[in-house]
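So you know, we letter chains A, B, ... as the sequences are listed, proteins then strands, and number each from 1.
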Amino acid sequence: MQGLWQLFYNMELGLMTVLAAMENHRIHVDKDALKRTSDLLGTKLKQLEQEAHKAAGQQFLVTSSNQLRLVLFEKLRLHELCENKKLPKTVLKQHHSTSEVVLMQLQDLHPLPKIILEYRQVHKIKSTYVDGIMSCMKKSYISSTWNQTGTVSGRLSAKHPNIQAIPKQPIQITRKQYIQGKEPEVVTIHPRSMFITEEGWTFLAADFSQVELRLLAHLSSDPELLKLFQEPGTTADVFSMLASQWKEIPETEVKHADREQAKRIVYSTVYGAGKERLSEILGITADQASQFVESFLQKYKQVRAFTQKTIQQCQKQDRCLSRASERPPEHSEHHPGYVVSIMGRRRQLPHIGAQDYTIRTQAERQAVNFVVQGSAADLCKIAMIRIFTLVASSSTLTARLVAQIHDELLFEVEDSQVEEFAASLKSTMESLQHVEALGVHLKVPLKVTLSTGKSWGSMTEVLDLRSCSH
DNA sequence: CTAATCTTT
DNA sequence: CGGGAAAGATTAG
């Protein structure tokens, strides 16, 4: 296995002890707060269920899409009221879908769809992120299980609980009060705020900013994209800038939601989203969406060149290795095409040369996505090892790695060491622009942002390293 | 668009 | 009755 030994020896083997330490660490959870929100969400769900039954004019299981379909389309016949809109059907079953997009379209016609949408949101939060977390708890803490070899891209995954998928955004619940003259009370639920530090310790999170976009700039060498990152100070935040350009509003007017949308658009576009999907995200027509894709790829010309080059290389590997002349036919196995990440990780894509358009183009998008996502995963894993080594070889530092959320490393640090550790952490991570041992020399700098907090849900950015201690 | 986990039917 | 697929929610880029 050419090239893979280095990856195994220098990265995966070294990571094992880091993951072991992470699994041994206990993340404290505010059990009382969890119980309170579980009860709160429980009564909210009962309310919504009753509202749904009232709106439907019958009792039914609101969590069942089958029963909902019966109510929505066979009893209320809502699809007949909006034949102007095309309602997507579940594939191959000729049933009407009860998916989010359908319910969104139906919500002006009847009160029920809106209730269902809210029910689903609250139900998900309760079952997975409140009750689910509670069932993972031992005493007053959780420890996730980390899987090093469970993904095709080289990313880590976590389970029991999946700490990488705890909601980032708080949700607002309006609690109806049955006390006379009282306004309905609005409470915000934030699952991340249930994760708290030990007494005398602080969470410190370090994020690689726009890591995949920076890697795309490096991998494609696109001059416009490189410019965005190579001129420090010019661009405060790339996605905010792109949002301001797209929405035609000043960068100071860009809201957090605008930035998030811009981020989705950019990644969707470079990973090959079609105009239909993109128009859904943007809330515009498919024609406008395809115009956006074209103007984006026109401005960042080398991005398309990079995706084409990647697909070609994958096809080339396919042809080379499966050629009969290189191996005796009697021993010929199927050697699918593969692509390689920045540190030599591979992904095989046997369908890269498929006849079927759908199968082939999916493999092409996966090939492109792997090179960028896999390279980002490499970088984050190296960062974990470096930091772990840094702490282990220090006689004073006691910082502990608590979790990895792909581009973010979450540490628990003794209060008195936050400032010192933050500085080393940031410089160690940003120095990964150049990794001599693995031949990595990125054309763009890496940017790490830091934040601190006593709970994971109340992290605030550290803007000045010198003011960290107090 | 890509990559995951978790709950429910 | 139970395993597994599908749907639909969350996250990350």
Side-chain angles (χ1 to χ4, degrees), chain A residues 60-69 88 90-93 95 97-103 116-133 135-136 144-147 149-169 171 191-192 207-216 238-239 260 262-282 289 293 296 307 310 339 341 347 349 361-377 379-380 403-409:
Chain A
F60 71 103
L61 193 53
V62 283
T63 52
S64 164
S65 44
N66 274 321
Q67 291 189 30
L68 178 64
R69 180 157 43 233
T90 52
V91 279
L92 217 71
K93 279 188 186 166
H95 280 139
S97 164
T98 60
S99 65
E100 186 183 346
V101 278
V102 175
L103 295 179
I116 300 296
L117 284 169
E118 191 180 355
Y119 186 94
R120 284 183 180 171
Q121 185 198 22
V122 176
H123 187 260
K124 173 69 180 183
I125 298 276
K126 184 178 188 300
S127 65
T128 307
Y129 304 115
V130 180
D131 298 350
I133 295 293
S135 69
C136 294
S144 291
T145 304
W146 293 89
N147 192 348
T149 56
T151 67
V152 291
S153 61
R155 278 182 168 187
L156 297 176
S157 73
K159 65 179 185 187
H160 200 265
N162 178 8
I163 199 164
Q164 295 177 318
I166 310 287
K168 194 167 203 178
Q169 285 294 125
I171 61 154
R192 287 195 179 189
D207 267 76
F208 279 119
S209 298
Q210 312 105 18
V211 63
E212 287 188 18
L213 198 59
R214 282 171 193 262
L215 281 166
L216 181 69
V238 180
F239 292 118
E260 287 303 298
K263 188 168 137 181
R264 278 188 79 188
I265 295 161
V266 169
Y267 285 123
S268 303
T269 304
V270 307
Y271 293 137
K275 55 183 188 291
E276 294 82 7
R277 186 73 190 91
L278 211 58
S279 66
E280 262 179 49
I281 300 170
L282 286 161
V293 175
F296 184 91
T307 62
T310 303
V339 280
S341 77
R347 180 173 180 183
L349 290 151
T361 52
Q362 187 187 18
E364 290 174 356
R365 290 189 298 269
Q366 287 171 324
V368 174
N369 179 264
F370 171 83
V371 176
V372 186
Q373 189 184 114
S375 299
L379 213 57
C380 296
Q404 185 244 46
I405 304 95
H406 303 121
D407 67 322
E408 169 188 346
L409 300 181

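Checking side-chain atoms of A:R192 against main-chain N and O of A:P167 turns up a donor-acceptor pair under 3.5 Å. The backbone N or O of A:S209 sits less than 3.5 Å from a side-chain atom of A:R214, completing a donor-acceptor pair.
For the atom pair A:N162 CG and A:N147 CG, the distance stands at 11.0 Å (nearest 0.5 Å). With values rounded to the nearest 0.5 angstrom, A:R264 atom CZ is found 6.0 Å from A:R277 atom CZ.
Per the geometry, CD belonging to A:Q164 stands 17 Å off C1' belonging to C:dA9, to the nearest Å. Protein atom CG of A:L215 is 18 Å distant from nucleotide atom P of C:dA12, rounded to whole Å. Atom CD1 in A:I281 sits about 15 Å away from atom P in C:dG13, given to the nearest Å. The CD-P distance, from A:Q121 to C:dT10, rounds to 7 Å in whole Å. Between the CG atom of A:L409 and the P atom of C:dA12 there is a distance of 14 Å, given to the nearest Å. When rounded to the nearest whole Å, the span between CD of A:E212 and C1' of B:dC1 equals 11 Å. Between the C1' atom of C:dG8 and the CD atom of A:E280 lies a distance of 14 Å, rounded to the nearest Å. The nearest whole Å value for the distance from the CD atom in A:Q210 to the P atom in C:dA12 is 15 Å.
Among A:E212, A:Q366, A:Q373, the one residue that satisfies the side-chain hydrogen bond (donor to acceptor under 3.5 Å, both in side chains) test with A:Y271 is A:E212.
Residue-level contact check: A:I166 touches the backbone only, with heavy atoms under 4.0 Å from sugar-phosphate atoms and none from bases.
Of all heavy-atom pairs spanning A:L278 and A:A273, the tightest one is CD1-CB, 4.3 Å.
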Each nucleotide of nucleotides 2-9 of chain B classed B (base within 4.0 Å of a protein heavy atom), S (only sugar-phosphate) or -, in 5' to 3' order, makes BBSSBSSS

